[in-house]
Amino acid sequence: MEPEDREPKADADARRFGRRELLVRGGVLVGAAGLGGAAGYALARDEGSVGAAPVPTDDDREFALDPAYVNLTTFLLASHPRRVREAIASHRAALDASPPLALREAEPALEDEARAGSAAYLGADPGDVALTDSTTMGLGLVYAGLHLAPGDEVVTTEHDFYATHEALRLRAERDGIAVRRVRLYDDPAAASPGAIADAVAAALTRETRVLAVTWVHSSTGVKLPLADVAEVVAAANRARPDDERILLCVDGIHGFGIEAASPVELGADVFVSGCHKWLFGPRGTGIVWAAPHAWERIAPTIPSFDGQAYVAWMEGRPPTGAAPGPLMTPGGYHSFEHRWALAEAFALHDELGRDEVEAGTHGLATRLKEGLAALPGASVVTPLAPEVSAGLVCCELEAATAGEAVDRLREEHGVLASVTPYATAYLRFGPSIANDEADVDAALDAVRALTA
Ligand SMILES: Cc1ncc(COP(=O)(O)O)c(C=O)c1O
């Protein structure tokens, strides 16, 4: 479809946003149990929200996405949902009106609310949650702060993202720890929970202290069977003293906000994620959660602004007694309006229901994978099975490189996708709760035109 053939903008607006209720209800989650049918999310939203009073904005849509495009790139950076936009606007207005008063009135209550929202979503103790600005910041803090002796080994995988590899390289350069990369599958499309668990089991050695993995690989869309991996680690730990236990450390960014099961219940020891992708939190927010036994093995790097740490400093003593999450939360002033609005994202997921969000996101990804698999000249790299996939969908086209396809999809069809930022480049989509089936079908039509 050429750009000029596309729906006139007003019609496209009506299709995507005309029903004032949000895309979430109108699209992915329509008919999903638990949303109360027609009552749906839009009505629930009107009943009130966490934190700041809503500030009216001139954009009343659930997502202020440009209707000229079908955006399938939530995995890069989310468009803020309405309640997050409103909370940010409200906090920003208060900060601009009077920074000291806004700080006095809001801190630490709103930071506590963000931490409590994260903890409730994870099913964890708020004291075990550190707030960060991104996945990358969390990974840097964890891998810099882990107690490791020279010769201790960190096992990571070939499938992890730059941030894990680079954090570990920097650490190894500093103090000589050993880092080993292993391969968990050869053909991503054929990845299976059993084979991945076996590959992990074969990778662990007597020297291994940390297994550094990514929940959903942004290189291929493969989702690790976290519970199975945790079981392998638990088995290896059985005969070990506490300080030699292997910690399962997870970059969870592409599962957090999709998967209904919490990584805490799945058995991670340390879980690191940004909140600004699939979770639809404010840009520049993230978390680190660790189990108490894991926090004992991680030292903070950046001084915290936690009240107890500050008092301890004034009294000339180390901050004993403060909870590890707040102590690991980097201090300094932040873009507070964003951090304070984080609780809104968790409240959104609560309202929608985590099972419904998971089913909706997986449903769109499955529709896209099945549609792509049926196209001659397209091959799907991400597995179809939900046990080993989430929302990311990677594929290859015979007719175009990933880069060419992304450009042509955008320029000729108004479809936004991306290229995987890895040595092997795939065409990558990520349908989310900001999308509906029509978006997936538009992407399929566009790919079909490219492959024809
Ligand atoms: C697996 C993975 N981890 C981390 C990141 C970086 O996330 P953040 O922007 O929150 O640091 C990305 C990509 O953006 C990613 O694909």
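What you see below is based on every heavy atom in this structure, not just the backbone, and it leaves out hydrogens, waters and symmetry mates. Whatever order the structure lists ligands and atoms in, that order sets their numbers, starting from 1.
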Practice task
Over 60° means perpendicular and under 30° means parallel, so classify the ring planes of Y121 and F346, tilted if in between.
Solution key: tilted
Exercise for the section: Can you label the angle between the H217 ring and the H159 ring as parallel, tilted or perpendicular, going by 30° and 60°? Expected result: parallel
Handout entry: Any N or O of Y422 closer than 3.5 Å to N or O of ligand 1
Key = no
Exercise for the section: Ignoring angles and geometry beyond distance, decide whether T214 reaches within less than 3.5 Å of ligand 1 through its nitrogen or oxygen atoms. Expected result: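 Such a contact does not occur with ligand 1.
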For ligand 1, which part of [X] has a heavy atom less than 4.0 Å away: the side chain, the backbone, both, or neither?
{"X": "S134", "answer": "both"}
{"X": "M137", "answer": "neither"}
{"X": "I253", "answer": "side chain"}

Considering only the protein, which heavy-atom contact is closest to [atom], and what is its distance?
{"atom": "atom 16 (O) of ligand 1", "result": "S218 OG, 2.6 Å"}
{"atom": "atom 15 (C) of ligand 1", "result": "H254 NE2, 3.4 Å"}
{"atom": "atom 3 (N) of ligand 1", "result": "D251 OD2, 2.5 Å"}
{"atom": "atom 11 (O) of ligand 1", "result": "T136 OG1, 2.6 Å"}
{"atom": "atom 5 (C) of ligand 1", "result": "F161 CE2, 3.3 Å"}

Exercise for the section: Would you please determine whether K277 falls within less than 4.0 Å of ligand 1 on a heavy-atom basis? Expected result: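 So K277 counts as touching ligand 1.
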Completion exercise
Tested for side chain to side chain donor-acceptor pair (under 3.5 Å) against W340, the lone hit among H334, E107, E113 is E107
Practice task
Please could you name the atoms of ligand 1 that T135 approaches to less than 4.0 Å, counting only its heavy atoms?
Solution key: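 Here the atoms of ligand 1 in question are 4 (C), 7 (O), 8 (P), 10 (O), 11 (O).
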Handout entry: Enumerated ligand 1 atoms positioned under 4.0 Å from heavy atoms of H276
Key =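 By the 4.0 Å cutoff, the relevant atoms are 8 (P), 9 (O), 10 (O).
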Just by distance, no angles: are the side chains of [X] and [Y] close enough, under 3.5 Å, to form a donor-acceptor pair?
{"X": "D445", "Y": "H413", "result": "no"}
{"X": "W278", "Y": "H254", "result": "yes"}
{"X": "T220", "Y": "Y422", "result": "no"}
{"X": "T451", "Y": "E398", "result": "no"}

Practice task
Mark yes or no for whether S118, through its side chain, and A114, through its backbone, hold a donor-acceptor pair below 3.5 Å.
Solution key: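 Flag set: sc S118 to bb A114 pair under 3.5 Å.
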Practice task
Report yes or no: does S389 contribute a side-chain atom to a donor-acceptor pair with the main-chain N or O of A385 at less than 3.5 Å?
Solution key: yes
